[in-house]
Amino acid sequence: MPFKNLGIEENINKILKEKLYTKPTLIQSKVIPLVLDNKDVIAQAQTGSGKSASFVLPILQNLFQKEVEGKSKIKVLVLTPTRELTQQIASLFSEFSVNLPKKLKVVSVTGGSGIGDQIYKIQQGCDILVATSGRFLDVLSKKQMNLSTIECLVLDEADRMLGDGFIEELDLILESIPKTRQNLMFSATYPQKMKELSQKITTDATEVKVESETLINPNINQRVIEVDKEKRGPLLRYLIKKHKWKSVLVFMANKRATDNIALKFRKYGFNSASFNADLDQELREETLEAFKNKEFNILFATDIAARGLDIDNIDCIINYDLPRSPSDYVHRIGRTARALSSGDAISFIDYESMDHFKLIEKRSDIKLKRETIEGFELSGDAPLKVKGPAPIKGKKKSKKDKLREKEALSKSN
Ligand code: AMP
């Protein structure tokens, strides 16, 4: 069914054709009519399935139809967990609205750039405000914007927005916007606890789940390789050369490790860079842009790159360190195989992380064959199992972990 039959009007259709969106994806065909009908929606679909356009397009259309004269007022608030995703969504709103008769004003609000400029832009007129929750609260505390005109709230990567660290921010935000509004929530993963919370935010929401055999996009070729910690670097260099990968995104557990390994790889003649919350905002944007444009091949990143980023043609995702939670696994590997393309996702595991990977497999409903690569096999013997349940990494966070997470969170905002 073409976009037109879903109710998307000609000015927006023209851009869709230019962008080669020939027909709606499954999530788009289900969500667009509901949003046009002003319904609340809780949507779940695989990474890379076109979730963003499923709310961007009908929201633009709704705004276009309700168009009123005079200065723009904030009608739509979109909250996302990271700066990069905020900018990506804001750009989509701008790109798809270029042909609309009245120019809609889209303002993005994130940490890392001057708050004064952002407030000024909002005051100059803003129809759609896309923000990270932390910076939005900073702006809110200045009491210089009118939120009483908000008609629609979107939570992108909703499970993160309802998770630890964000939920308190979200509560404050919900108190400051009109109670009667349309609510739209999107994510690839919805842990049970989040489902309960989301019912509180929405009113009679329609739940949309794109039926698929698996939670994970089948175009991602998932692999697990057993390797000692110290041999992961040499193995990665070997794999990159062997497969002649042009674009590789490598996830690591901490910020400093991403910097160190990127430097090491450069010394070995690889074209690599690091991406973490310690980079200043300008460098963060430049690095991502250069990676998108394939100006270098290997990006070593922390989980700030795990959510929502839409980068074409990433050949392989590497879990150099395993993600803490199973849903982070789904989001990380979802950075490849976007929009019907395919890609590899390889996790490195050793004796210590085997149990944790089993947990990831169980929760993600997958079972992968363990591989070994000649010359990089695990050394020594598997440690003897101690009776009783093994302490599974990621189940309980230490105080130090919590502090680290809090610090990272404030920087991702
Ligand atoms: P998303 O899941 O929203 O991040 O989208 C994943 C990718 O699919 C992005 O590169 C979009 O540009 C692309 N995309 C989304 N909808 C369509 C469509 N209907 N036709 C072709 N490509 C699409």
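The figures here come from the full heavy-atom set of this structure, side chains too, leaving out hydrogens, waters and symmetry mates. When a ligand or atom number is given, it counts from 1 through the structure's own listing order.
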Suppose we measure from [atom] to each protein heavy atom; which comes out shortest, and what is that distance?
| atom | result |
| --- | --- |
| atom 8 (O) of ligand 1 | A339 CB, 3.2 Å |
| atom 9 (C) of ligand 1 | D310 OD2, 2.9 Å |
| atom 11 (C) of ligand 1 | Y21 OH, 3.1 Å |
| atom 4 (O) of ligand 1 | R338 NH2, 2.6 Å |
| atom 2 (O) of ligand 1 | G50 N, 2.8 Å |

Taking ring pair (Phe, Tyr, Trp, His ring centres under 6.0 Å) as the cut-off, I'd like each qualifying pair that reaches into residues 135-159, sequence neighbours left out, listed once.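 As it turns out, there is no ring pair (Phe, Tyr, Trp, His ring centres under 6.0 Å) pair with a partner in residues 135-159 once direct neighbours are skipped.
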Would S353 and D350 count as having a side-chain donor-acceptor pair, cut-off 3.5 Å?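 Looking only at side-chain atoms, D350 and S353 do form a donor-acceptor pair, the distance falling under 3.5 Å.
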Heavy atom of K23, distance to ligand 1 below 4.0 Å: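 K23 counts as a contact of ligand 1 under the 4.0 Å cut-off.
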Specify whether F300 and F265 have parallel, tilted or perpendicular ring planes, treating 30° as the upper limit for parallel and 60° as the lower limit for perpendicular.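 Geometry flag for F265 against F300: perpendicular rings.
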Relative to each other, are the rings of F186 and F55 parallel, tilted or perpendicular (30° and 60° limits)?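 Tilted.
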Which segment of [X] sits under 4.0 Å of ligand 1 when only heavy atoms are counted:
| X | result |
| --- | --- |
| S49 | backbone |
| Q28 | side chain |
| F55 | neither |

Pick whichever of A188, S52, S29, G334 has a heavy atom sitting closest to atom 3 (O) of ligand 1.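 It is S52 that holds the nearest heavy atom.
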If you look only at pairs with a residue in residues 259-277, which of them pass as a side chain to side chain donor-acceptor pair (under 3.5 Å), with sequence neighbours excluded?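 Non-adjacent pairs meeting side chain to side chain donor-acceptor pair (under 3.5 Å): T258-N276, D259-S274, D259-N276.
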Applying the salt bridge (Lys or Arg N to Asp or Glu O under 4.0 Å) criterion to E84, which one of R307, R284, K292, R335 satisfies it?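 Result: among R307, R284, K292, R335, R284 is the only option passing the salt bridge (Lys or Arg N to Asp or Glu O under 4.0 Å) with E84.
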Say whether K51, considering both its backbone and side-chain N or O atoms, lies within less than 3.5 Å of an N or O atom on ligand 1.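 The answer is yes, given that K51 and ligand 1 share an N or O pair closer than 3.5 Å.
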Would you indicate whether K367, at its atom NZ, is surrounded by more than 12 heavy atoms from other residues, nucleotides or ligands within a distance under 6.0 Å?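 Above 12, so yes.
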When the ring centroid of Y21 is compared with that of F96, is the distance short of 6.0 Å?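 Yes, ring centres under 6.0 Å apart.
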